[in-house]
Amino acid sequence: MQTDDFFRGKPDEDVDWSEYRTGEWVCQLWELDVELMESLRFGPLPTHADLDVAVTLNRLLHEDFVARGTRHDERMNDEEVVLAVKAHRAVLERLGLKPPQLPFRHHSGFYDYWRKNDMSGGGGWQARRECIEELLGPTRQALEDLQEVEYEQRFKNGPRGTFRNLIFAAVGPKPKIVLRDAVNNDVEIVQNAENCLVYSDPLSAQGLTWRQMVTWWQVNHMPTAEEPEAADALYRRLYRSLDSLPEQTVLRTYCARYAEPDGFDLPVLIPQVYLHYDPYTRKSGGHSGALYRQRMDFLLLAPDRSRVVIEVDGAHHYGIKNPAGADGRTAYTASPRLYSEMVAEDRRLRLAGYEIYRFGGWELTRPDSPQLISDFFTELLNRHKKPTP
């Protein structure tokens, strides 16, 4: 919300040219929206939250009093200031904050106040500016604190638990993962560790970007390489972990975005993920044990702290393979058991705080599948941007 939202423009015939200051005529092309200010005294606006209104009102009063005390180009007259102060007080009280105690009610009162308190003469403008900051600054800080709390609450999609390990992109024989400490979620890859990648760097609040993943790859695998060379090598390594044409199409289509402006700051699309967050770990009652879980096709750690799982479902996800027919073609018989296992896993992940999207393998073999995938990711990334304060 902007301070201009509290004003309405005047038609040309209503412009008041009656005031003359410091050698020039002054016209007021805007007037305060009195109805809006009055409505704020009795309840929130339908279009803006009280917190946003309070921040903007505080800024308006600060700017207008400073203008009156320094440049004499304030936007409100005395009556309008009174309305703005009353609206400001009402909104702050609804937010549970104590309104500032102003020793004056309007611009004329402020003028009398600074004259009585030795804020006239040379350098007086700075004293008047500091006076307004002392009166309205604490309220601004309290509102910013509330904004920070609200900002954190907007990160509502993240799962419980803390980031421990990210095991992904296996090639060849798949890894066998053992839980060594169920309390601390310490894991160990006891077989085929050389075939997979393990990311265990601290994860920022804004998820995991392609740039962060490339930096990790440089440090651990290509310390002498420049960023473009390392990025190309990492992409090829991730691509090798996929043996399905539909999955390859998803990765290839998404990763094309990395070449766009600011593309390295996009969330990285991580293929073939085995282990990621505590809630996804099946606790073993305090003793070691192998971890058996369905591998995720893709994981995206978004800047709004959402954890997005993307699955590409071939026929084997919901059907049992039949012997090849006389024509050599293979058919599947729908399996209620396999389907039930798949949707049960979806429910468990959603309850743990994850967001899941499934593609049918068939739709990703169509000629228009790259456009379909691109449109999906455009909407997904717009939905999961970092919240604005």
Side-chain angles (χ1 to χ4, degrees), residues 157 168-172 174 207-210 213 231-232 234-264 266-274 276 294-302 306-347 349-350 354-385:
N157 298 317
F168 62 105
V171 293
K174 306 307 180 185
L208 185 60
T209 67
W210 175 239
M213 183 69 85
D232 180 70
L234 175 59
Y235 167 74
R236 293 176 184 275
R237 172 62 182 79
L238 297 180
Y239 193 84
R240 284 175 51 211
S241 69
L242 303 175
D243 52 16
S244 152
L245 178 60
E247 291 177 357
Q248 292 171 349
T249 303
V250 170
L251 185 68
R252 187 169 58 248
T253 303
Y254 181 84
C255 291
R257 295 170 180 262
Y258 298 152
E260 299 174 356
D262 300 322
F264 270 47
L266 289 172
V268 58
L269 186 64
I270 313 163
Q272 307 296 292
V273 179
Y274 283 85
H276 43 104
Q294 181 184 21
R295 182 188 66 226
M296 292 182 298
D297 291 335
F298 297 99
L299 176 67
L300 188 147
L301 308 179
S306 297
R307 292 353 183 194
V308 181
V309 176
I310 298 170
E311 295 286 352
V312 178
D313 297 334
H316 63 282
H317 283 81
Y318 47 82
I320 298 175
K321 187 176 182 179
N322 298 320
D327 57 359
R329 301 181 64 180
T330 301
Y332 287 78
T333 299
S335 169
R337 177 184 62 82
L338 290 177
Y339 177 78
S340 297
E341 290 175 353
M342 182 175 67
V343 296
E345 181 71 2
D346 284 358
R347 290 196 303 272
L349 278 173
R350 288 194 179 100
Y354 291 79
E355 190 170 309
I356 304 173
Y357 296 92
R358 289 188 176 274
F359 285 94
W362 177 83
E363 66 178 327
L364 299 183
T365 60
R366 292 163 36 186
D368 63 343
S369 61
Q371 187 62 52
L372 180 151
I373 297 167
S374 181
D375 291 344
F376 164 75
F377 277 116
T378 295
E379 188 169 349
L380 183 72
L381 293 173
N382 285 335
R383 176 177 180 179
H384 290 295
K385 291 179 179 178

Please enumerate all residues that pass side chain to side chain donor-acceptor pair (under 3.5 Å) together with [X], with sequence neighbours excluded.
X      : value
Arg237 : none
Thr378 : Arg257
Asp243 : none
Arg236 : Asp232

Any side-chain heavy-atom pair from [X] and [Y] closer than 4.5 angstrom?
X      : Y      : answer
Lys385 : Asn382 : yes
Val268 : Thr209 : no
Phe168 : Val273 : yes
Glu247 : Tyr239 : no

Just verifying a value: how many Å separate [X] [atom1] and [Y] [atom2], rounded to the nearest 0.5 Å?
X      : Y      : atom1 : atom2 : answer
Asp313 : Glu363 : CG    : CD    : 9.5 Å
Leu301 : Leu208 : CG    : CG    : 5.5 Å
Ile270 : Ser241 : CD1   : OG    : 11.5 Å

Heavy-atom donor-acceptor pair, [X] side chain to [Y] backbone, under 3.5 Å:
X      : Y      : result
Gln371 : Asp368 : no
Ser369 : Leu364 : yes
Thr365 : Trp362 : yes

Inset, instruction - Quick one: list whatever passes ring pair (Phe, Tyr, Trp, His ring centres under 6.0 Å) with Phe376, sequence neighbours left out. - result: Tyr357, Phe359
Inset, instruction - Applying ring pair (Phe, Tyr, Trp, His ring centres under 6.0 Å), name anything that partners Phe377, two or more places apart in sequence or on another chain. - result: Tyr254
Legend entry - Verdict with reasoning, Phe298 to Gln272, per side chain to side chain contact (heavy atoms under 4.5 Å, CB included): CA-CA 6 Å; Phe298 297 99; Gln272 307 296 292; 5.7 Å; no
Inset, instruction - Check step by step if side chain to side chain contact (heavy atoms under 4.5 Å, CB included) holds for Arg307 and Tyr354. - result: CA-CA 5 Å; Arg307 292 353 183 194; Tyr354 291 79; 3.2 Å; yes
Inset, instruction - Quick one: closest heavy-atom pair of Ala170 and Tyr274, and the distance? - result: CB-CE1, 4.0 Å
Inset, instruction - Report the C-alpha distance between Asp297 and Ile310 in whole Å, list the side-chain angles of each, state the deciding distance to 0.1 Å, and finish with yes or no for side chain to side chain contact (heavy atoms under 4.5 Å, CB included). - result: CA-CA 6 Å; Asp297 291 335; Ile310 298 170; over 6 Å; no
Inset, instruction - Test Leu242 against every option in Thr249, Val250, Val171, Leu251 by the side chain to side chain contact (heavy atoms under 4.5 Å, CB included) rule and name the one that passes. - result: Leu251
Legend entry - Among Leu269, Leu300, Leu299, Ile356, the one residue meeting side chain to side chain contact (heavy atoms under 4.5 Å, CB included) with Val308: Leu300
Inset, instruction - Using the six-membered ring wherever Trp is involved, compare the ring planes of Tyr258 and Trp210 and label them parallel, tilted or perpendicular (cut-offs 30° and 60°). - result: parallel
Inset, instruction - Could you give me the CA-CA distance, side-chain angles and deciding distance for Arg383 and Glu355, then say whether side chain to side chain contact (heavy atoms under 4.5 Å, CB included) is met? - result: CA-CA 12 Å; Arg383 176 177 180 179; Glu355 190 170 309; 3.8 Å; yes
